[in-house]
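Beneath this line is the structure, given in structure tokens, with notes to follow.
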Amino acid sequence: MKERFLFIVKEETAMKWDKEKLEGYNPGEIEQKWYDFWEKEGYFHQEPEPSRKPFSIVMPPPNITGQLHMGHALDNTLQDILVRFKRMEGYNVVWIPGTDHAGIATQVKVEEQLAEEEGKTRYDIGREEFLKRVWAWKEKYGSRIEQQVRRLGSSCDWSRKRFTMDDTCARAVREVFVSLYEKGLIYQGRRITNWCPHCHTALSDIEVDHKDEAGHLWYIKYPVIGEDDYVMIATTRPETIMGDTAVAVNPHDEKMKKYIGKKVLIPLVNREAEVISDEYVDSEFGTGAVKITPAHDPNDFEVGERHHLEEVMIMNLDGTMNERAGAKYEGMTIRECRRAVVEDLRELGLLDHREELNHAVGHCSRCKTTVEPLSTKQWFVKMKPLTPAALGAVADGSTRFIPERFTKIYNHWLETIHDWCISRQLWWGHQIPAWYCDDCGEISVSRTDLTTCPHCRSTHIRQDPDVLDTWFSSALWPFSTLGWPDETPDLERFFPTSVLVTGYDIIFFWVARMMFATCEFMKDVPFRDVFIHGLVRDSQGRKMSKSLGNGIDPLEVSDRFGADALRFTLVTGNTPGNDMRFYMERVEANRNFANKIWNAAKFVIMNLEKYDPDFVPADADLTLSDRWILASYNNLVRTVTKRLDAYELGDAAACVYDFSWNCFCDWYIELAKQRLYKSDDERSGKTARYILVYVLTHTLALLHPFMPFVTEHLWQHLPHEGKSLIAAPWPQPRKEWDFTDAAAAMNIIMEAVKAVRNMRAEANVPTGRKAPVTLVPADAGMAETLHTYESYFKTLAFVDEVHFLAPADKKPENAVVAVVPHIEVYLLLKDIIDVEKERARIMKEQEKARGEIERLEKKLANRGFTDKAPETVVEKEKEKLAAYREKMKALMKRGEELEKL
């Protein structure tokens, strides 16, 4: 029987524990201590070991300019939970951290610093000197976010950390660029891009913030040449008229068909343009005819390509008008030009009218300048040849999205994708490996830097000054971080990675790009699973932002309540793929949970004086509560493991919470106390200590991925094997502890105890007053169990006497009754409460509730209130009314019960 319950203790790892007194819970005193310990002892690092299953994650790289925000905190917490879980399960684990060079964001930071400190621009000091300044800035400030990630407890392998511009990543970037160029998948051409007139660079879609602005829709007449007629155009951008090269209508629009093929005169520049037909035109918007400006609108550019239209560029790259806009407008800003154009059109009688219109306007996410769609010469990746493999990998299940619904977003973006503009007019970043020869005019793309032209051997060559889009290097992250293009042991062992944890907002910007880049170069998927989480919003459901001033600093929250409490709040408030609202009250509640566990451990530790590490209870030593807690523990292990494997991290955490607080702390510890203090039954005390230690230490192990600091600290103070909880084996259920019948019986007793507690609370019985209880079990088996464990009622239900009746016996009078499965519970209250006083109190409460019900009913019947008040206010009043009605119902029932006493 001994081996049946033995938690095996190997001789070389004897049971040990920290016997120092456990003081009050103060997360600030323990969290840094244990992170330093884990890192110093090398627990975050594992070498490739073929004998074990691999589990690998690459951290989505935060910008080196970044400050840790709640999105980072959520993302890193979810990753760390998975990593700690798999590490304890015995997997060969690697979690690679890293940072992104954040091209435009970092360059803006350094340019601002240069202007503030020296009054200079980057052009004043030149490219080489400027890049020295950027690298110096990176060395000084770039590691800040790494320290902040550590503060959360992220157990990533810092010895493997990567930077998107380190030597390995730089080689990977160049290899991919040159390979795609050689395959004809990278080309240079002129297309519409998002252009920032202030930063003087093309921008990716994610670098553009769209916000609604009040604007106008101008209705302008385009005269039909040779006829006394005109085509009416509605536009939000009259300043681009000078760049028009066509007017388009929908071929199915009956009222506009007559204009197709005719010529109109472009106002102000008096240029002839044809009316063309294209299904791009929405017949229901505006007038049904649209001006086509191929050089200044992405949709017009596509129309222009289909119809071979001329591109007329009327703007300079700084956002001013150029000579092709006309002498009058040249040099004007866009706003100045708009006012002038509108006035000129009015004077010419071509402005019909204008309408107010709110529309989304793009702004540079860094400098907030309005973005202009401009046709510029850039480098592009041909996307259509790369998408089939990326789409197929998800279709055949090689990579799956969790939740699965995000597959549609991924597929839609890849199915409708355009060629990717990868060049940026910046200095900070991966400089494009293309050289132009001034003598022969050829372009050469090379894996190594060139000093002579490969075509004519001229030395008059210059490298393209542009750099690559930041997303180009981060698209290679799943394999460049593992050492590619070299065939490293890490790449062989840990690729493909196991899971990517990221938000739904960058599925197209990053996830899809990693998929097609990896499928192309590794001929495999970058990750098996994509675990999608939502955004962290404020308590009102608003996105956190600087402009709203509603951002919450996770470091400040950690300093106040502890990183464990913050982590637990983020995971328990998170359902995969959905946004979560952040409430500081929940963080405080989770700090209280950590404190509850702390106090439970403190109680166990205080009772370890007689703990015998060699004692193992026999089956006969186990009480009903022992069997119940062991069976409940078994169920907990199975459930938590299953839910973690299914990425149901919030549910897993909630299960550990419920078991720890309700089952272990509130029930088992209370029942174990009497056995610990009994001097006449030493074996029962030893059994209780054994189970307290076993269940607590293994529950701490289950809780460790979620709350690593407090669990490590408490585990060290309790009897344990090994040096650290982070390296302890993941708990396993033990079949011999599946005490199904005992668990069911204990649950019934617990329901009966709760019934007594509720009846006492409803009767307003003082805590110190005990009352007799009468139990009527439904059958002989339950009767035997209740007789054996009647002490549970005395311990947990403030009962001084327990009486038993058979189902056929006469039931007690002057008692309140509750019925739970297999038991009727009668509580005799007449002698322990002042019935008249309680009746008077109940009547007073009924009168108060009735008054509130009448007031709220009258208020909600008033249309003046319900029609004018905000919906949230009305709903709140309805909730109050429902609560008072429920309270009144309970008070009426209580009054009826008092009449029987």
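Throughout, numbering of the chain's residues begins at 1 and tracks the sequence.
Of the possible polar contacts, none joining the Asn635 side chain to the Ala631 backbone as a donor-acceptor pair under 3.5 Å is found. Side chain of Asn747 to backbone of Ala743: a donor-acceptor contact under 3.5 angstrom is found. Of the possible donor and acceptor atoms, none in the side chain of Glu801 sits under 3.5 Å from a partner among the backbone N and O of Ala771. Looking only at distances, no side-chain donor or acceptor of Asn599 sits under 3.5 Å from a matching main-chain atom of Lys596. Between the side chain of Asp157 and the backbone N or O of Val94 there is no donor-acceptor pair closer than 3.5 Å. In terms of modelled atom types and a separation under 3.5 Å, the side chain of Asp621 and the main chain of Ala618 share a donor-acceptor contact. Put simply, the side chain of Thr711 gets close to the backbone of Pro708: a donor and an acceptor are under 3.5 Å apart. Using modelled atom types, no side-chain atom of Asp529 and backbone atom of Phe531 make a donor-acceptor pair closer than 3.5 Å. Between the Arg689 side chain and the Asn607 main chain, a donor and an acceptor come within less than 3.5 Å of each other. Here the side chain of Ser498 pairs a donor or acceptor atom with the backbone of Ser56 at under 3.5 angstrom.
A donor-acceptor contact closer than 3.5 angstrom links the side chains of Tyr668 and Asp626. Side-chain atoms of Thr641 and Trp730 include a donor-acceptor pair closer than 3.5 Å. Side-chain atoms of Ser154 and Asp80 form no donor-acceptor pair, as typed in the model, at a separation below 3.5 Å. Donor-acceptor pairing under 3.5 Å is recorded for the side chains of Arg586 and Thr572. A donor atom on one side chain and an acceptor atom on the other are found under 3.5 Å apart for Asn92 and Gln46. For the residue pair Glu712/Ser724, the side-chain donor-acceptor check at 3.5 Å is satisfied. Between the side chains of Glu670 and Thr795, no donor-acceptor pair is found at a separation under 3.5 Å. Between Arg675 and Thr687, the side chains place no donor N or O within less than 3.5 Å of an acceptor N or O (distance only, hydrogens not considered). Judged by distance alone, the side chains of Asp75 and Gln79 do bring a donor and an acceptor atom under 3.5 Å apart.
The two residues Leu152 and Ala73 make their nearest non-hydrogen contact at CD1-CA, 3.6 Å. Looking at every heavy atom in both residues, Leu644 comes nearest to Leu82 through O-CD2, 4.3 Å. When all heavy atoms of Pro777 and Met782 are compared, the closest pair comes out as CB-CG, 3.9 Å. Closest approach of Asp564 to Glu31, counting heavy atoms only: N-OE2, 3.4 Å. The two residues Phe739 and Glu736 make their nearest non-hydrogen contact at CZ-O, 3.4 Å. Across all their heavy atoms, Leu676 and Gly685 have their closest contact at CD2-O, 4.0 Å.
Within 6.0 Å of NZ in Lys642 there are 12 or fewer heavy atoms belonging to other residues, nucleotides or ligands. Met606 CE: 12 or fewer foreign heavy atoms inside a 6.0 Å radius. A 6.0 Å sphere centred on CD of Glu49 holds more than 12 heavy atoms belonging to other residues, nucleotides or ligands.
Classification of Lys602 and Glu23 as a salt-bridged pair fails, no side-chain N sitting under 4.0 Å from a carboxylate O. A salt bridge is defined here as a Lys NZ or Arg NE, NH1 or NH2 lying under 4.0 Å from an Asp or Glu carboxylate O, and Arg683 with Asp612 fails to meet this definition. Between Arg627 and Asp741 there is no salt bridge, since none of the side-chain N atoms of the basic residue sits less than 4.0 Å from a carboxylate O of the acidic one.
Counting heavy atoms from C-beta outward, Phe44 and Val93 have side chains that stay 4.5 Å or more apart. The side-chain heavy atoms of Arg760 and Leu827, taken from C-beta on, include a pair separated by under 4.5 Å. Using a 4.5 Å cut-off on side-chain heavy atoms (C-beta onward), Val693 and Leu608 make contact. Considering only heavy atoms from C-beta on, Leu570 stays 4.5 Å or farther from Phe706 through its side chain. Using a 4.5 Å heavy-atom cutoff, the side chains of Tyr43 and Phe37 are in contact. In this structure, Thr575 and His533 have side chains that are not in contact, with every pair of non-hydrogen atoms separated by 4.5 Å or more. Side-chain contact between Ile597 and Trp661 is absent, with no heavy atoms from C-beta onward closer than 4.5 Å. Contact annotation: the side chain of Arg150 approaches that of Glu39 to within less than 4.5 Å [non-hydrogen atoms, C-beta and beyond].
Ring centroid separation for the pair Phe709 and His713 does not come in under the 6.0 Å cut-off. A centroid separation of 6.0 Å or more is found between the aromatic rings of His704 and Trp715.
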Kindly indicate, with the supporting measurements, whether the criterion side-chain contact (heavy atoms from CB on, under 4.5 Å) is fulfilled by Val773 and Tyr826. CA-CA 6 Å; Val773 67; Tyr826 293 85; 5.9 Å; no
Walk me through it: do Lys686 and Tyr611 pass the test side-chain contact (heavy atoms from CB on, under 4.5 Å)? CA-CA 7 Å; Lys686 283 187 174 183; Tyr611 179 75; over 6 Å; no
Evaluate the criterion salt bridge (charged side-chain N to carboxylate O under 4.0 Å, His left out) for residue pair Arg560 and Glu588; output intermediate values, then yes/no. CA-CA 9 Å; Arg560 183 178 175 190; Glu588 186 173 6; 5.5 Å; no
The test is side-chain contact (heavy atoms from CB on, under 4.5 Å); show your working for Tyr583 and Thr569 and say whether it passes. CA-CA 9 Å; Tyr583 298 93; Thr569 300; over 6 Å; no
Go through Leu624 and Trp628 one step at a time and tell me if the side-chain contact (heavy atoms from CB on, under 4.5 Å) criterion holds. CA-CA 6 Å; Leu624 181 66; Trp628 162 73; 5.5 Å; no
May I have the step-by-step check of salt bridge (charged side-chain N to carboxylate O under 4.0 Å, His left out) for Lys794 and Glu790, ending in yes or no? CA-CA 7 Å; Lys794 295 179 179 179; Glu790 68 175 80; 3.7 Å; yes
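Leu671 CG to Thr623 OG1: the interatomic distance, rounded to the nearest 0.5 Å, is 8.0 Å. Atoms CE and CH2, on Met746 and Trp667 in that order, are 6.5 Å from each other to the nearest 0.5 Å.
For the pair Arg84 and Trp38, the cation sits on the ring face: its NZ or CZ lies under 6.0 Å from the ring centre, inside 45° of the axis. Note that Lys86 lies in the cation-pi zone of Tyr91, set by a 6.0 Å cut-off to the ring centre and a 45° limit from the axis.
Using the six-membered ring where Trp is involved, Trp737 and Tyr633 have ring planes that are perpendicular, over 60° apart on the 30 and 60° scheme.
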